[in-house]
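Both counts, for ligands and for their atoms, begin at 1 and track the order of listing. Sequence positions, counted from 1, serve as the residue numbers for this chain.
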Amino acid sequence: MKLIGSVTSPFVRKVRVVMADKKLDFSFEQENVWVPETMIQQVNPLGKIPCLVMEDGSTLYDSRVIAEYLDTISPVCKLLPPNGRDRAEVKVWEALADGVLDAAILVFIERRDRAPELQSAQWIERQLGKVHAGLREMSTRLGESAYCMGIHYTLADVAAGCALGWLAFRFPEIDWRGDYPNLARLADKLAERPSFRDTAPFLA
Ligand code: GSF
């Protein structure tokens, strides 16, 4: 399997953490999807990373589909409950964490790609509102549990950890650690895992 991605994308990190936790072999091909000459459309018509290229050349996307698939191909470190409400709850956590990222990334791109006078303050405020509402909900759901779903590490923790880590990396002004000490405790615990330590975002 070949993972097309980058070392800064939180969605790519989600897949890399799952690969590491489940001890799966893959090759990692870095791709800058933001340059005109990117090849990403050859593997994902949506032009997004991560994209997983299988041995037969077929491709899987997006990160939720890839993570769910990877969990089925190895019994090591099962990250999703087999069925029912528990499975759905893990996927709500993933939708929540990914949704916080989607909103924050829209702000990041608005500020990166538009001149200040062309940036929409209303749009930025709307998206940051989703980020803060999502963080509040993550903290409420976590409570004082060891992990997002209680006592077991699941895909919910992978998604939440990647979201918090990317916010710390790109939005240091958002003080989720101060606002939500339980999220800070979770993030610190996850950061000790080799799968998180070895995939922390950095500017190459
Ligand atoms: C989101 C991937 C995504 O937005 C997933 O994999 O879960 N729902 C998808 N990837 C970004 C890079 S990053 O911000 O993580 C991406 O590829 N953006 C390029 C574009 O044209 O939007």
Can a donor-acceptor pair be found, under 3.5 Å and without considering hydrogens, that links the side chain of S139 to the backbone of L135? no

Ion pair check, R177 and D188, cut-off under 4.0 Å: yes

Under a 4.0 Å heavy-atom cut-off, what residues line ligand 1? S9, P10, F11, V33, W34, G47, K48, I49, P50, D62, S63, I105

Can you say whether the rings of Y153 and F196 are parallel (under 30°), tilted (30 to 60°) or perpendicular (over 60°)? perpendicular

Set of residues satisfying side-chain contact (heavy atoms from CB on, under 4.5 Å) with respect to I151, sequence neighbours excluded: none

Above 12 or not: heavy atoms from other molecules or residues under 6.0 Å from CZ of R112? yes

Residues D157 and K189 bridged, charged N to O under 4.0 Å: no

